[in-house]
Amino acid sequence: MNQYDPSKIEAKWQKKWEESGLYQTDESGANKKYVLDMFPYPSGATLHVGHIEGYVGTDIISRYFRMKGASVLHPMGWDAFGLPAENYAIKTGIHPDESTHENIKTFKRQLRSVGLSYDWSHEIDTSSPEYYRWTQWLFTLFFKMGLAYKQEADVNWCPSCETVLANEQVVDGKCERSGDEVIKKKLNQWFFKITDYADRLIDDLAGIDWLEEVKTQQKNWIGRSDGALIEFKIDGLDREINVFTTRPDTLYGATFLVLSPEHPVVEEISNIRKQISKTDNDILNDPYDIEDVKSYVAEAKAKSDADRRENKEKTGVFSGLYCINPVSGEKIPVWIADYVLMGYGTGAIMAVPAHDERDFEFATKFNLPIKQVIFKSKDDTTKDLSEAYVGSGVLKNSGDWDGLMMPDEFDKVISDLDKKKIGEKKTTYHLRDWLISRQRYWGVPIPMIYCESCAHDGKSWFTENVTASDSAAVSAREIASSSSTPRNDDYAGWYPAPESDLPILLPHDVDFRPTGKSPIALSKSFQEGVTCPGCGGPASREVDTMDTFVDSSWYFLRFVDPKNEKEFASREAIAKWLPVDVYVGGGHVVQHLLFARFFWKVIFDAGYIEKSLGEEPFLKLRAPGWILGPDSRKMSKRWHNVVTPDDIIPKYGADTLRMYEMFLGPFDAMKPWSLTGVEGMSRFIKKIYRLFEETHALENKEQDKQIDILLNSTIKKITDDIEGMRFNTAISTMMEFYNDLTDAQKLGTKINWSEVWEKFLRVMAPFAPHLAEELWQRLAVGGLGLEKTKSQELTVKSQSIHTQNWPEYDEKYLVQDEVVIPVQVNGKRRGEISIEYSVSSIENKARVEERAREVVASYVDGVVVKKVVYVPGKIINFVI
RNA sequence: GGGUGAGUGGCGGAAUGGUAUACGCGUUAGUCUCAAAAACUAAUGGGGGCAACUCCAUGAGGGUUCGACUCCCUCCUUACCCACCA
């Protein structure tokens with residue numbers, strides 16, 4: 001008898017599958033399913049079992065869908081640009097292009113060794129000119145739509161990576177990658193106007209099947225809050241300070257204003273005071289020194305965001321200015337404090353210490369008045385608050401607003417502000433525009449050209465292209481810019497590189513050591529012969545590259561048409577495959593998943609996506625849980641607890657690895673790796689193999705009903721579990737099937753082995769594709785109920801188990817003839833009865849009750865039974 | 001501080017209103033063997049009892065229900081994400 005030897009079986013079938021083109025996409029797209037993994041960054045570290053988990057999950061789903069008759073697109077590719085390769089190059093001198101492609105080779109070998117059913121003819125590599133040509137083209141589309149702009153801004157700068165970072169890449173004030181403290185720097189940078197899409201990015205979440213957790217996180221990140229913009233006049237001057245507040249109802253309680261140290265008014269304080277003193281000399285009598293303001297502001301500006309947050313004590317300084325509360329007419333002081341952030345709202349707040357914890361703390365520390373305007377009820381006569389009251393209640397001390405209930409009559413407050421022309425409804429967002437410039441080498445060059453002379457004349461692509469040929473882009477631009485028109489002066493001198501020039505190649509012969517300037521700036525060839533698309537004069541290219549998240553924001557679109565040389569993807573291919581039906585991957589909750597949704601919406605608006613496809617690219621999203629090391633710590637080189645497929649496959653085989661990973665626990669849960677667990681799975685697979693060897697050639701056409709029931713209920717359970725991505729219980733079901741089957745075998749139950757194997761192997765096929773194929777082919781050779789093949793050589797695709805139909809189950813075999821009904825007394829199980837299924841219905845309650853009463857006689861005899869609850873076929877309960 | 005999950009044997013977990021602890025790991029005993037490994041067989045939540053049996057147990061406490069791991073309330077622990085966002 002043969003021994004199970006995965007190393008022989010698996011290599012053999014992987015080769016044959018490839019030769020026969022088994023996993024080539026059925027390009028008809030009939031009954032399509034697009035099953036997508038988040039494509040990996042090919043790092044120097046190899047793939048470990050945690051990465052594989054998601055890939056095995058999507059592989060099972062893809063194989064299952066194919067067997068159900070769907071045409072499935074299941075591609076894989078490489079998010080190949082990025083900093084680690086560049087840093088590695090700086091250290092070793094090996095060009096990123098070279099190391100990246102070495103890594104891709106390793107990753108690909110590993111993925112193949114797991115037996116994943118990717119169609120490699122759809123493979124993409126974001127660092128190839130064929131791909132990034134279209135990344136550049138999309139950039140120019142965004143530009144023409146008014147959604148890409150260059151602006152001087154305070155940006156996050158990582159001193160160690162020597163590049164700017166997106167807000168999303170700053171974690172706790174530190175660089176996500178290097179861990180260094182991020183500093184603020186004023187730089188001229190390219191942005192994507194993702195804020196124009198903030199509302200749609202929130203609202204469209206409602207219609208997609210994503211984990212609630214991920215949706216909530218995206219909503220929080222976008223951070224929409226509704227409130228009002230309120231105007232405060234500076235006392236003694238015809239000038240206002242605007243504040244944003246979500247609580248305009250507490251306006252009568254606003255006893256001072258607070259400005260962020262970066263607020264524009266702060267720099268002008270001396271001037272403003274001079275102007276005021278001409279009409280009102282009182283202001284000069286304040287015990288106040290402008291030097292205090294200057295030193296406070298200087299100190300605050302020197303601190304990093306992290307430092308500011310670190311400091312729990314509130315700090316601040318009186319500005320020397322007063323404003324007028326627009327409803328109460330009171331004169332209130334203006335303070336400067338770093339707990340107010342310039343980046344949110346207007347950079348100025350009205351402080352309502354009675355109803356805001358931060359304002360309360362500040363007012364207490366600096367002895368500022370606290371005025372309560374919200375009371376728990378009409379009869380509430382609280383005098384001195386010991387802490388801010390932030391709850392709901394009724395307004396008092398509030399002029400005409402007295403008696404209004406908050407938050408129920410909030411809208412009345414807003415409309416009154418509007419009527420009095422002192423404020424208006426306003427929505428603000430936490431989301432900032434997406435900063436995409438990077439001063440690094442290993443990325444996509446931004447395809448923009450700058451012309452000094454056009455800039456001087458105030459000319460730009462926008463001024464020169466009133467009637468652009470690209471009508472789709474222009475009409476889309478109108479849609480997109482309805483909320484905010486591009487400011488032409490920001491664009492002066494800028495032109496997108498003409499489409500015929502794309503791709504703008506990343507120069508190869510560059511010293512990529514970071515200097516704080518883009519390395520491409522040092523390339524001689526890069527700027528050779530560049531002319532202005534507007535005036536034809538000499539011009540220069542943008543030397544920054546794009547954030548790699550731009551590359552990965554549209555790769556799922558390229559996958560459907562990866563070799564197209566005319567378009568980023570054809571309209572037809574997009575319509576055929578998209579949206580993605582199942583998307584699996586971890587992390588990236590606010591980065592990739594937000595950016596990719598943004599890209600889809602922009603491309604949708606530009607008219608390149610059929611409206612019928614909808615406004616969301618990923619219908620269903622699931623994240624595999626982390627696999628922890630055997631020590632229950634996160635897998636990491638540091639703990640020496642990393643397990644890779646290469647540690648497992650040579651000894652146990654890919655099928656064991658796949659089955660074990662899926663059996664570990666719920667797909668989305670965090671769970672620790674265990675080597676003894678792998679051995680257990682290996683045992684199970686060997687048992688299947690052995691049972692097959694012993695039984696598959698036994699001829700027996702008869703079968704007891706009990707086996708029919710076992711087989712059909714197993715098929716049903718596994719089918720349901722795959723649909724619900726409960727792979728762990730699907731595998732338990734296979735184990736139970738084996739146990740029940742071998743028990744029955746020992747008892748001499750009649751079993752039609754060929755039918756059993758012919759069905760069971762098919763439900764096992766998505767999980768253990770190599771073993772299932774091997775045994776399927778042997779079954780075919782045995783000729784039991786299958787077409788005979790001359791040898792075990794699979795050359796025809798149609799003979800593979802993976803092209804067979806998914807087995808159907810027969811409802812009539814899902815119920816036993818006899819059912820076992822537990823008998824309870826007061827909800828505690830005291831026995832059970834076995835009755836014919838046909839008499840278990842509710843009409844026969846009396847009969848069932850009689851039988852049950854015998855079993856629990858010792859509990860119910862001689863006592864009053866108050867009630868008998870009978871759930872047909874499930875349970876009977878005597879209440880005494 | 002806010003949001004979102006999770007808490008069940010020695011361990012990973014199953015059961016989403018109806019026999020709690022499926023399935024697997026581990027452990028123990030046995031078979032086989034000169035021996036070991038592998039394999040196979042059996043036992044395995046805790047307490048009490050010779051036994052039939054019985055009591056207790058799903059983080060803690062309450063509630064709803066004939067019946068609660070499951071639903072509701074309060075609290076505790078823990079993980080992840082966000083956090084001076086006005």
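Letters go in sequence order (proteins before strands), and every chain restarts at 1.
- Taking every side-chain heavy atom of A:Val820 into account, B:rU19 is the closest of B:rA86, B:rC40, B:rU19.
- Under the Watson-Crick or G-U wobble criterion, with both distances below 3.5 Å, B:rA42 is paired with B:rU28.
- Nucleotide B:rG9 carries a syn base; the chi torsion (O4'-C1'-N9-C4 or O4'-C1'-N1-C2) is within 90° of 0.
- Each of B:rA86, B:rU54, B:rC25 was ranked by its minimum atom distance to the side chain of A:Thr245; first place goes to B:rA86.
- Judged by distance alone, the side chains of A:Thr427 and A:Asp226 do bring a donor and an acceptor atom under 3.5 Å apart.
- Side-chain atoms of A:Ser225 lie closest to B:rA86 of the nucleotides B:rG12, B:rC82, B:rA86.
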Report task. Just do the side-chain hydrogen bond (donor to acceptor under 3.5 Å, both in side chains) check on A:Glu679 and A:Tyr652 with the steps written out, would you? Result -> CA-CA 8 Å; A:Glu679 276 166 356; A:Tyr652 299 99; 2.9 Å; yes
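- As judged by a 4.0 angstrom heavy-atom cut-off over every strand, A:Lys717 is placed among residues making no nucleic acid contact.
- Distances shown here put every side-chain N or O of A:Lys219 at or beyond 4.0 Å from the OP1 or OP2 atom of B:rC81.
- Among B:rC66, B:rA86, B:rC23, the nucleotide with an atom closest to any side-chain atom of A:Val879 is B:rC66.
- Residue A:Ser732 has its side chain nearest to B:rA22 when only B:rC40, B:rA22, B:rA83 are considered.
- In this structure, A:Asn220 does not reach the B:rC81 phosphate: none of its side-chain N or O atoms is under 4.0 Å from OP1 or OP2.
- Relative ring orientation between A:His355 and A:Tyr389 is described as perpendicular, the plane-to-plane angle rising above 60° on a 0-90° scale split at 30° and 60°.
- For the pairing with A:Ile821, the side chain to side chain contact (heavy atoms under 4.5 Å, CB included) check across A:Val871, A:Ile833, A:Val855 returns one residue only, A:Ile833.
- Under 4.0 angstrom from either OP1 or OP2 of B:rC66 there lies at least one side-chain N or O belonging to A:Lys867.
- Which of B:rU19, B:rA14, B:rA79 sits closest to the side chain of A:Arg829 comes down to B:rU19.
- Contact of the A:His48 side chain with the A:Val643 side chain is not registered, since no non-hydrogen atoms from C-beta on lie closer than 4.5 Å.
- You'll find that the side chain of A:Asn877 is closest to B:rC66, out of B:rU19, B:rC66, B:rU54.
- Contact annotation: A:Arg726 does not reach the phosphate of B:rA15 (side-chain N/O to OP1 or OP2, under 4.0 Å).
- Of the side-chain N and O atoms in A:Asn739, one or more sit less than 4.0 angstrom from OP1 or OP2 of B:rG24.
- Within 4.0 Å of A:Asp359, counting heavy atoms only, lies no atom of the nucleic acid at all.
- Applying the 4.0 Å criterion to OP1 and OP2 of B:rU54, one finds that A:Lys828 has every side-chain N and O outside that range.
- Put simply, the side chain of A:Lys866 and the base of B:rC66 share no donor and acceptor less than 3.5 Å apart.
- Of the candidate nucleotides B:rU19, B:rU4, B:rG24, B:rU19 has the atom nearest to the side chain of A:Gln824.
- Between A:Tyr859 and B:rC53 there is no side-chain N or O to OP1 or OP2 distance below 4.0 Å.
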